There are 2 protein chains.
Amino acid sequence: MPARSQGRATIRDVAARAGVSFKSVSNVVNNHPFVSEDMRQKVQQAIAELGYRPHSVARNLANRRSNMLGLVLRASSTDAQADPFLTQFLLGACAVAGAQGFGMMVRILLTDEPILRYADLFDHQQVDGLMIFSPRIDDAEGDGDGDGQDHDLPAVRIGRAGTGTNALAVDGDDEQGAFAAVSHLATLGHKRIGMVANANLSYTVSVTRVQGYRQALQAHGIPFDERLLTVGQFTRQSGQDSMARLLDIDEPPSAVFISSDRMALGAMRAARDRGLRIPEDIAIVGYDDLFVAEHTNPPLTTVRAPIDAISQCATNMLIEAIRGGKRIGSRQIILPTELIVRQSCGAKAATSYA
Amino acid sequence: MPARSQGRATIRDVAARAGVSFKSVSNVVNNHPFVSEDMRQKVQQAIAELGYRPHSVARNLANRRSNMLGLVLRASSTDAQADPFLTQFLLGACAVAGAQGFGMMVRILLTDEPILRYADLFDHQQVDGLMIFSPRIDDAEGDGDGDGQDHDLPAVRIGRAGTGTNALAVDGDDEQGAFAAVSHLATLGHKRIGMVANANLSYTVSVTRVQGYRQALQAHGIPFDERLLTVGQFTRQSGQDSMARLLDIDEPPSAVFISSDRMALGAMRAARDRGLRIPEDIAIVGYDDLFVAEHTNPPLTTVRAPIDAISQCATNMLIEAIRGGKRIGSRQIILPTELIVRQSCGAKAATSYA
DNA sequence: CTGAAAGCGCTTACAG
DNA sequence: CTGAAAGCGCTTACAG
């Protein structure tokens, strides 16, 4: 092969081989209009013969585009909960991005690190847009991505929208999910329905679920009793403690909505510690549909977020924003969640294995 | 700020501001030796004032390096099992890479896709090295990354080494893990110890665990009985079926090592279906230490792979190979696994919650 | 539709 | 230790 002795074939090599100018090679590689079929064929053949592959770095420099999406993951020690969704999210996002010619570069941000502008996690022009995945993190903190800068990147947040100018966001409908969970309980005849919130009410992810809870109560004509609402902090232990507290009040609940599966594990434990049978003595609904939910005893009824839809939607939105130019305005998309009925509430379960 | 009216500050702007040549700026940015303290300060100040950030794309083009690691993930529908490790692996790898100035670009490869050279998943010079994560996939297939090409990238495989020339690989010590699991059973007095392999024996990940099983038997003077060895195929259902088969033979086992937690879930179900108590009537050990293992009834004794150590080791090895130049030769590192004793074998558990 | 030019922002050899 | 040059591989305007 008469390619260069060193390194891969370059656009010039292809041009020489095909007997055309290298501009023409660029044209066909980039699928420009108005290239004659003849030219295309000649070039394509030379490309094949030389095993030419475009040099993306050079291309990016000239283009002022990187065809890269930057995914920033906020992980935290207290919050392993987010992890189970992460892989699934990543898979979906990479697939969509790849199909549209974008690569994915990921950056981890530990919560304890100081929060800077997310864009600063990447070099200048290293990515064309940002996906910010931090669904279970304190939103107040999370909003520290100063917009207002001149050359802000398009960004989409997974979770609730930040305060930025170009706020794009995609999330599951937590309110509706909580509503469905609690309605399920009410429909089964429960009147004393407690709730263990997954976090204190400075977290929007906690607030929306509480709202769904209250709306469901209202829809079913059940008065809200604040003694029935307690608050945990993500961990299983806090679920156990919160449940114990709920069980200790006068007129304890006959059913409890715990807005986190992880915490529901603790809650089930607390119930069992008192000799309460699930669901006969106490009905329980969780939230998240972790893998473990199917394997608890009894299998846990819970709410599942539409991770695949979220990842696809977010990726498409971001790419659209990148292609569409600077200001798309803000947009927030909320996707419906699904109640997975198993056996922890006493309803006959549609899906059941364990 | 006298920066350019358009775009970010460039190296020239910094030079102008600091009153030096832009070569000097490059020098300090790249931490070259022999820059006077005075120069460094002037430049650094100008950088700060202008908010200059190096343009990585341009730098990469000039450098012929991208400072990027390419992570290819082989996912498969039948193999959700790999997922739980993925997030943890990704976190570890990104952290190490980031600390050494490397970004991470990820590419998903679905198993059903044709297997090409892994390097072809990336553009030319888009990444400096490859991490290949596909621990639970048929190894025969996985080896289809033709080495032998001229400009092969350094690559490290998570799992057993491929056949390539530059074969770097890191893995957990499955043999030792299986050995520990089965020895645990033997130590508790079991003589009839069965095994359900996680996959048929064309998968090395299955073979090594079987080897550990046999070695442990031998070490404890227990003869190998092939009727006690059965083979599943990753799924929970196959674990259930395999266990049922084992329970049906004459002289059934009093303890079983199931080399996959997912399958152990099915196995526990099969045991319970026959009214067998765990661990009184039948002891069970799993493999993987999925999150669910802590929450089964009873909590599952199992083997945990050193994911963090693997991710860190693999990333460091790869970066070393990148920095060290072409041929490092092949190297395979096997890291020790850990037996997590819970309650499914009747041993007093050190760690116990659920 | 196709050439020769200039440039993306930076870096590595090259003389001073 | 510091300048002016050439180049990384490609692309966008520019004339033909």
Side-chain angles (χ1 to χ4, degrees), chain A residues 3-4 6-43 46-47 50-68 101 122-128 151, chain B residues 3-4 6-43 46-47 50-68 101 122-128 151:
Chain A
R4 288 167 159 213
Q6 305 240 26
R8 287 290 246 273
T10 167
I11 197 175
R12 288 187 153 80
D13 301 319
V14 176
R17 176 101 179 185
V20 303
S21 82
F22 58 83
K23 168 65 203 297
S24 304
V25 177
S26 173
N27 282 154
V28 349
V29 167
N30 292 294
N31 253 307
H32 278 195
F34 309 124
V35 290
S36 69
E37 191 47 40
D38 177 51
M39 170 65 80
R40 175 178 310 286
Q41 294 214 337
K42 273 195 299 193
V43 171
I47 286 177
L50 260 30
Y52 168 76
R53 320 199 71 224
H55 186 125
S56 62
V57 176
R59 215 210 288 235
N60 293 342
L61 181 59
N63 267 337
R64 292 124 162 298
R65 297 267 259 78
S66 66
N67 285 306
M68 278 286 188
F122 299 92
D123 282 343
H124 180 44
Q125 215 181 97
Q126 191 168 39
V127 297
D128 295 334
H151 302 281
Chain B
R4 289 171 158 208
Q6 305 241 23
R8 288 288 248 271
T10 166
I11 197 175
R12 290 186 152 79
D13 300 319
V14 176
R17 176 103 180 180
V20 302
S21 83
F22 58 84
K23 168 66 203 297
S24 305
V25 178
S26 173
N27 281 153
V28 349
V29 167
N30 291 296
N31 253 309
H32 279 194
F34 308 125
V35 289
S36 68
E37 191 47 41
D38 177 51
M39 170 64 81
R40 175 180 307 288
Q41 294 215 335
K42 273 195 302 191
V43 170
I47 285 178
L50 261 30
Y52 168 76
R53 321 200 71 224
H55 186 125
S56 62
V57 176
R59 213 210 288 235
N60 293 342
L61 180 59
N63 267 338
R64 291 127 160 298
R65 297 265 260 79
S66 66
N67 285 305
M68 278 285 187
F122 300 90
D123 283 342
H124 180 42
Q125 214 180 95
Q126 190 168 39
V127 297
D128 295 333
H151 302 282

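Letters A, B, ... are given to chains in the order of the sequence lines, protein chains preceding strands, and every chain is numbered from 1. Predicted model only: the values in this text are computed from it and were never measured.
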Trainee: Choose from C:dT12, C:dG7, C:dA4 the nucleotide whose nearest atom is closest to any side-chain atom of B:Lys23.
Mentor: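 Of the options given, the side chain of B:Lys23 lies nearest C:dT12.
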
Trainee: Give a yes/no answer on whether the side chain of A:Arg64 brings an N or O atom under 4.0 Å of OP1 or OP2 in C:dG9.
Mentor: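 Yes.
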
Trainee: Quick one: does B:Val29's side chain get under 4.5 Å of B:Ile47's, heavy atoms only?
Mentor: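 Counting from C-beta outward, B:Val29 and B:Ile47 do come under 4.5 Å.
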
Trainee: Across all strands, who's sitting opposite C:dA13 as a Watson-Crick or G-U wobble pair, both distances under 3.5 Å?
Mentor: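 Matched C:dA13 with nothing under the 3.5 Å cut-off.
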
Trainee: Measure CD1/B:Ile11 against P/D:dT2 and give the value in whole Å, please.
Mentor: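 My rounded result for the distance is 14 Å.
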
Trainee: Take atom CZ of A:Arg40 and atom P of C:dT2, then tell me their distance rounded to the nearest Å.
Mentor: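 Roughly 11 Å, once rounded to whole Å.
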
Trainee: Under 4.0 Å between a side-chain N or O of A:Ser24 and OP1 or OP2 of C:dC1?
Mentor: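 Looking at the OP1 and OP2 atoms of C:dC1, neither is under 4.0 Å from any side-chain N or O of A:Ser24.
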
Trainee: In whole Å, what is the span from the CG atom of A:Asp123 to the C1' atom of C:dC10?
Mentor: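 That distance rounds to 12 Å.
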
Trainee: Quick check for you: to the nearest 0.5 Å, what is the distance between A:Arg40 atom CZ and A:Asn31 atom CG?
Mentor: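 Answer rounded to 0.5 Å: 5.5 Å.
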
Trainee: Could you check how far CG of A:Asn30 sits from C1' of D:dG9, rounded to whole Å?
Mentor: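 That distance rounds to 12 Å.
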
Trainee: Are B:Asn27 and D:dC1 close enough that a side-chain N or O sits under 4.0 Å from OP1 or OP2?
Mentor: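 So the side chain of B:Asn27 is outside the cut-off, no N or O lying under 4.0 Å from OP1 or OP2 of D:dC1.
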
Trainee: Between D:dC10 and A:Asn63, is there an OP1 or OP2 to side-chain N/O distance shorter than 4.0 Å?
Mentor: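 No, no such contact exists.
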
Trainee: Using whole Å, report how far NE2 of B:His32 lies from C1' of D:dG3.
Mentor: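 One finds 16 Å between C1' of D:dG3 and NE2 of B:His32, rounded.
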
Trainee: Looking at the side chain of A:Ala62, which of C:dC10, C:dG3, C:dG7 is the nearest nucleotide?
Mentor: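 Given the options C:dC10, C:dG3, C:dG7, the side chain of A:Ala62 is closest to C:dG7.
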
Trainee: Atom CZ of B:Arg59 and atom OG of B:Ser66: how far apart are they, to the nearest 0.5 Å?
Mentor: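 One finds 12.5 Å between CZ of B:Arg59 and OG of B:Ser66.
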
Trainee: Search all heavy atoms of B:Tyr52 against all heavy atoms of B:Ile11 and return the closest pair with its distance.
Mentor: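 For B:Tyr52 versus B:Ile11, the nearest heavy atoms are CE1-N, 3.6 Å.
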
Trainee: Counting only side-chain N and O atoms of B:Ser26, is one of them less than 4.0 Å from OP1 or OP2 of C:dT11?
Mentor: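 Looking at the OP1 and OP2 atoms of C:dT11, one of them is under 4.0 Å from a side-chain N or O of B:Ser26.
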
Trainee: Quickly work out the A:Arg65 CZ to C:dG7 P distance and round it to whole Å.
Mentor: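 Computing the A:Arg65:CZ to C:dG7:P distance gives 23 Å.
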
Trainee: Please classify the nucleic acid contact of B:Asn60 as base, sugar-phosphate, or nothing, using heavy-atom distances under 4.0 Å.
Mentor: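 Here B:Asn60 touches no strand at all.
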
Trainee: Of B:His124, B:Gln125, B:Arg64, which meets side-chain hydrogen bond (donor to acceptor under 3.5 Å, both in side chains) against A:His55?
Mentor: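 Passing option: B:Gln125.
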
Trainee: Heavy-atom nearest nucleotide on DNA chain D for B:Leu61 versus B:Phe22: which residue maps closer to 5'?
Mentor: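 Looking at the nearest nucleotide for each, B:Phe22 comes out on the 5' side.
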
